[in-house]
Amino acid sequence: NGSLEDWVKRTGCIDIKTDENGKKLMKLKDAKNPSGGVILKLPIKDRQDLHTVCCRASGATVTIPEIGFSTGAEEKTSINDIYNHIGEAIFKLEYLATEAAEPDKRTQIIKTTELLRKCLDLDMPWTFVLRDPTGKSE
């Protein structure tokens, strides 16, 4: 539904320019925030909320306060919808669970993935919180 250019424009974190030959050029915005950071909060109530696209800049973390979940900072910028940001966290946690030597640690990781799945299934209202010390996330 729509072109790639339309989707990129909706992300809000990529500039699109046309050069003198009519070629489209895309570049990540370098949005400097004078306050030194940004906190984005989105209450998740329905499927449409899950498909909100956001740009998670390198160094940004995601939290879901209702379940006490927080990701670490990533090294790369990621542009995706909220559903896939959380799905990626589930994938990484499941891998960690297979590598965990301690049964208690493995059990805790599995419980966390179950809570995240409940969030994606909208079994409860929750809040997607993106904290970015660089101010580049949108």
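These figures come from a predicted structure and were not determined experimentally.
Contact record, Leu130 with Cys55: CD2-O, 3.9 Å, taken as the closest heavy-atom pair. When every heavy atom of Ala57 is checked against every heavy atom of Thr134, the shortest pair comes out as CB-OG1, 4.2 Å. Residues Leu120 and Ile90 share a closest heavy-atom pair of CD1-CD1, 3.7 Å.
Between Leu122 and Arg47, the closest side-chain pair of non-hydrogen atoms falls below 4.5 Å. Between Ile44 and Pro125, the closest side-chain pair of non-hydrogen atoms is not below 4.5 Å. Annotation: side chain of Val53 is in contact with side chain of Ile79 (closest heavy-atom distance under 4.5 Å).
A distance of 9.0 Å separates CD1 in Ile86 from CG in Leu50, rounded to the nearest 0.5 Å. In this structure, CG on Leu115 lies 12.5 Å from CD1 on Ile110, to the nearest 0.5 angstrom. How far CZ of Arg56 is from CZ of Phe128: 7.5 Å, rounded to the nearest 0.5 Å. Atom CD in Glu88 sits 5.5 Å away from atom OG in Ser78 (nearest 0.5 Å). Rounding to the nearest 0.5 Å places OG of Ser58 at 11.0 Å from NZ of Lys76. One distance of note links CD1 of Ile67 with CE of Met124; it measures 6.0 Å at 0.5 Å rounding.
Phe91 and Tyr95 sit in two unconnected hydrophobic clusters of ILVMFWY residues. Membership requires side-chain heavy atoms under 4.5 Å apart, directly or through other members.
Under 4.0 Å is where a charged nitrogen must lie from a carboxylate oxygen, and between Glu94 and Arg117 at least one such pair does. The pair Glu102-Arg106 does not meet the salt-bridge criterion, since no charged nitrogen lies less than 4.0 angstrom from a carboxylate oxygen.
At distances below 3.5 Å, not a single donor-acceptor pair connects side-chain atoms of Thr127 with backbone N or O atoms of Leu42. Judged by distance alone, the side chain of Asp19 and the main-chain N or O of Gly22 form a donor-acceptor pair under 3.5 Å. With Asn84 contributing its side chain and Asp81 its backbone, the two residues share no donor-acceptor pair below 3.5 Å. Formation of a donor-acceptor pair under 3.5 Å by the Trp126 side chain with backbone atoms of Cys119 is found in this model. Between the side chain of Thr63 and the backbone N or O of Pro65, no donor-acceptor pair lies under 3.5 Å. Of the possible polar contacts, one joining the Asp132 side chain to the Ser137 backbone as a donor-acceptor pair under 3.5 Å is found.
Every residue two or more places apart in sequence or in another chain was checked for a side-chain hydrogen bond (donor to acceptor under 3.5 Å, both in side chains) with Glu114, and none qualifies. Qualifying side chain to side chain contact (heavy atoms under 4.5 Å, CB included) partners for Leu96, counting only residues two or more places apart in sequence or in other chains: Leu93, Ile109.
When the shell of 6.0 Å around CD of Glu99 is examined, it contains more than 12 heavy atoms from other residues, nucleotides or ligands.
Judged by distance alone, the side chains of His85 and Asn80 never bring a donor and an acceptor atom under 3.5 Å apart.
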